[in-house]
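The structure appears right after this line, and notes come after that.
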Amino acid sequence: MQIEVLKSKIHRVHVTESNLDYVGSITIDKALMEAANLIAGEKVQIVDNNNGERFETYVIEGAAGSGCICINGAAARRVAVGDVVIIMSYALMEFEEAKQFRPSVVFPDTATNRLLPQEPSIIEKR
């Protein structure tokens with residue numbers, strides 16, 4: 001039996017841009033993507049803490065260290081620049097494997113969306 005479990009999470013970043021006239025997706029700072037073990041094209045769920053919206057899209061790589069979190073396409077109507085969001089991806093795995101798996105969870109600086117250099121921003125990465 002396979003179950004779906006949390007694979008990656010970027011916790012509480014703010015939306016820096018919203019671009020309605022784009023094909024779709026979310027652009028994420030490459031450094032955040034790497035820390036959270038996300039890749040370009042990966043499906044993610046976005047949860048907006050300001051208005052309760054939840055939606056799915058795919059990841060586009062943004063400039064490393066930029067702090068960029070840009071919601072593109074139709075989903076841009078569901079968020080506002082400055083909203084705080086949580087970005088999550090999930091993986092299918094065997095039940096026994098899932099018991100041992102630890103997701104990559106990142107807590108960036110809430111003001112800049114950047115990794116904190118002086119203290120660990122990654123809780124656990126596998």
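A donor-acceptor pair under 3.5 Å links the side-chain atoms of R114 to the main chain of S66, judged by distance alone. The backbone N or O of V44 lies less than 3.5 Å from no partner atom in the side chain of S89, so there is not a single donor-acceptor pair.
Residue M88 is tested with Q45, H11, K7 for a side chain to side chain contact (heavy atoms under 4.5 Å, CB included); the sole match is Q45.
Under the 3.5 Å distance criterion, with hydrogens and angles disregarded, a donor-acceptor pair is assigned to the side chains of H14 and N113. For the residue pair E42 / Y58, no side-chain donor-acceptor distance below 3.5 Å is found, with atom types taken as modelled. Checked by atom type, the side-chain pair S25/N72 shows a donor-acceptor distance below 3.5 Å.
Atoms CD and CG, on E61 and L32 in that order, are 11.5 Å from each other to the nearest 0.5 Å. Expressed to the nearest 0.5 Å, how far CD1 of I87 lies from CD1 of I71 amounts to 6.5 Å.
There is a path of hydrophobic side-chain contacts, each under 4.5 Å, that joins V13 to V59. Criterion: ILVMFWY side-chain heavy atoms under 4.5 Å apart, direct or through other members. Under it, V15 and F55 are part of a common hydrophobic cluster. Hydrophobic clustering of Ile, Leu, Val, Met, Phe, Trp and Tyr side chains at less than 4.5 Å, counting indirect connections, unites I46 with V106.
When every heavy atom of A76 is checked against every heavy atom of S18, the shortest pair comes out as CB-OG, 3.6 Å. Residues Q2 and E94 approach most closely at CG-OE2, 3.3 Å, considering heavy atoms.
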